[in-house]
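So the structure is just underneath, and the comments pick up after that.
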Amino acid sequence: MQHTAAAWLFEIALGLRVFGPDVVRGCRRLLTAGVRVGITQLTGARTPAHCAESDQEAP
């Protein structure tokens, strides 16, 4: 079965029309999940830095 350039173009356009919104929605969900993980790591993993002066003064 041979396809012409117009048929290939039509099939690609139809595939983008059908699956495009789902792909965009999936990418947005992945990005929001990544942002949530990033924010959690930034806010939850903070530990205070040790000062060199406090280590020297310890008895």
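We number each residue from 1, following the sequence as shown. Note that these values count all heavy atoms, side chains included, but never hydrogens, waters or copies made by symmetry.
V23 and L30 sit in two unconnected hydrophobic clusters of ILVMFWY residues. Membership requires side-chain heavy atoms under 4.5 Å apart, directly or through other members.
Listed by chain and number, the residues in a side chain to side chain contact (heavy atoms under 4.5 Å, CB included) with A13 amount to none (sequence neighbours excluded). Remark: R17 engages no residue in a salt bridge (Lys or Arg N to Asp or Glu O under 4.0 Å) (not counting sequence neighbours).
In this structure, CZ on F10 lies 11.5 Å from OG1 on T4, to the nearest 0.5 angstrom.
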